[in-house]
Protein chains: 2
Amino acid sequence: MRKSALVQRLEQYATLSAGERDALDWAERRETRVPAGERLLGRGENSDTLYVVQLGWFHAAIRLPTGARQILRFHFPGDLMGTSSIAWAQAVHDFTAVSDAIVSELSKVNLGRIFREQPRLAGLLYAMSAAENVALSDRLTSVGRMDSLQRLSTLILDVLARLRVTAGGVIDSFDFPLTQTDIGDTVGLTKVHVSRTLGKMEDLGLIQRNGKRVRVLDEARMIADTGFVDRYKEIESSWLAPPPT
Amino acid sequence: MRKSALVQRLEQYATLSAGERDALDWAERRETRVPAGERLLGRGENSDTLYVVQLGWFHAAIRLPTGARQILRFHFPGDLMGTSSIAWAQAVHDFTAVSDAIVSELSKVNLGRIFREQPRLAGLLYAMSAAENVALSDRLTSVGRMDSLQRLSTLILDVLARLRVTAGGVIDSFDFPLTQTDIGDTVGLTKVHVSRTLGKMEDLGLIQRNGKRVRVLDEARMIADTGFVDRYKEIESSWLAPPPT
DNA sequence: CGTCGCGTTGACATTTTTCAAAGTGGGTGG
DNA sequence: CCACCCACTTTGAAAAATGTCAACGCGACG
């Protein structure tokens, strides 16, 4: 069996013991393919399970009564999806595959078991949840207090930073599988304004586009202009005791 | 010794065992008074401890290089503050007392001990963190996809819902200790526009103001207009096993 | 070949910001 | 007790950013 993406993620932050790895392997079930564009879980549906992204992108979104949509967050391989619904019996957000994807399930009950038997894993998951919190805070700051160009810059820098974690090297271009409507729903702009602003960013020499591919040309200027901070490089776990042996 | 507000909060979600209560009492240290307007912790400062709000309001904020500020979240009694910084050695946000307040400290190391010895508490804290994520998501949705009137409505409804949790009854007015600059920094508007929009809400008969006091007159219409969902009523914890005895 | 989703562009409308000034009220020192 | 001050709120007019509506282009796909 392939090593779970969640195990790989956690191993970036701490060395896992065999027992910890086994506990995760045991808890994850039922790998499922999800084709691009398909919704994995809709708001209001019962949710007694979480999902681990093994491959591909997802997004989490809320839909307003008016039909408007806010995309809250993207989920990459190794992310635990659906934690936001853990405190309620029904899902709070929609989860939709942005690209062809594979997930495995981790039931809430099994998560409870991990909390009981593998306290350090629990702590790491807690830290990941806190990191998610900060990512949302950064997006909120961007949407609440920046203009359109800065919002798109932070989005691109953010995606770049997250991809670099798994890519293992420094990348400066990537495939951006979102439509401009999706992008607008992420940063709080209209698709029309997204189109104009991306055009302007190209004119300014900040980025270069080729179909769905985006190349970042002047990362330094984009960072200076937005105050972007890459928070994905590390997470602190020294407050957690070493694992049981 | 007074019962910790965190214990009270958790007891709303699950019946705590004596061992769980003791573990929390033991972990919390050093109550401190914080006068209104004082900053408890600034971004970038070392943070090896979390804070439990015992009394009063705080807000968590980010400051941009430009000087702009985004207020991310308000913390009420029973909230665990600083969890967002748990994955980093330095604080990520500023925490400022909105009103005169009292906090106690809960060091990260003691939190680690709770995770090891009281797995169900760990699970409850995880659920609280997930709930915090959802609250941020709701704010992001409001700022990203609603106009000024709706943003202010959701803010007022949100504060109202959170105060009702502790007030124990249905309240329809409350003291709002924020300046209009603060409010604007919360919902992504200028103080000038906040002033205008609050005036309009009064004209429309949605609210009524008296100094710093706000009375909600037409909650039904505000809810219908925003799709607001009160998520503070309950949190699910049935995926957690009963506490050790 | 036609259709459909997506991106682009233009003209115009609306919302929100900016800048400036005046009003208000609570607190403080004389 | 009064006068002043300071932070905050309110108001107006003009500017800027963003949204809306509509048309067109383009490529993928049946």
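All chains are named by letter (A, B, ...) in the order of the sequence lines, taking the proteins before the strands, and each is independently numbered beginning at 1.
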Whole angstroms only, please: what is the CG-P distance between Asp147(B) and dT16(C)?
6 Å

Presence of Arg196(A) side-chain N/O under 4.0 Å of dT20(D) phosphate oxygens OP1/OP2:
no

Establish, with yes or no, whether the OP1 or OP2 oxygen of dT16(C) is under 4.0 angstrom from a side-chain nitrogen or oxygen of Thr190(B).
no

I need the CG-C1' distance between Asn210(A) and dG27(D), as an integer number of Å.
15 Å

Counting the atoms with a prime plus P, OP1 and OP2 as sugar-phosphate, which does Gly188(A) contact under 4.0 Å by heavy atoms, base, sugar-phosphate, or nothing?
sugar-phosphate

Pick from Arg213(B), Arg215(B), Arg164(B): which one makes a salt bridge (charged side-chain N to carboxylate O under 4.0 Å, His left out) with Asp172(B)?
Arg215(B)

Send over the distance from Leu189(A) CG to dT16(C) P, rounded to a whole Å.
14 Å

Whole angstroms only, please: what is the CE-P distance between Met201(B) and dT10(D)?
13 Å

When rounded to whole Å, the CZ to P distance for the pair Arg151(A) and dA17(D) reads 13 Å

Is it true that Ser129(B) and Ser129(A) share a donor-acceptor pair across their side chains at a distance under 3.5 Å?
yes

Quick one: is dT9(D) close enough that its OP1 or OP2 comes under 4.0 Å of any side-chain N or O from Lys212(B)?
yes

Between Arg145(A) and Glu202(A), just flag the one whose closest nucleotide in DNA chain C comes earlier from the 5' side.
Glu202(A)

Under 4.0 angstrom, heavy atoms only, what part of the nucleic acid is Val194(A) near: base, sugar-phosphate, or nothing?
nothing

Is the phosphate of dT9(D) approached by Ser195(B) (side-chain N or O, under 4.0 Å from OP1 or OP2)?
no

Interatomic distance where CG belongs to Leu198(A) and P belongs to dT8(C) [whole Å]
7 Å

NE2 of His193(B) versus C1' of dT18(C): gap in Å, rounded?
13 Å

Does a side-chain N or O from Ser148(B) land closer than 4.0 Å to OP1 or OP2 of dT16(C), or not?
yes

Going by distance alone, is a donor N or O of one side chain under 3.5 Å from an acceptor N or O of the other, for Arg29(A) and Ser107(A)?
no

Measure the distance from CD1 on Ile183(A) to P on dT18(D) and round it to the nearest whole Å.
16 Å

Among Lys191(A), Arg69(A), Gln70(A), find the residue that satisfies the side-chain hydrogen bond (donor to acceptor under 3.5 Å, both in side chains) test when tested with Asp185(A).
Arg69(A)

Tell me whether the count of non-hydrogen atoms from other residues, nucleotides or ligands lying under 6.0 Å of CG in Asn210(B) goes above 12.
no

At less than 4.0 Å, is any side-chain N or O atom of Gln180(B) found next to OP1 or OP2 of dA7(D)? Yes or no.
no

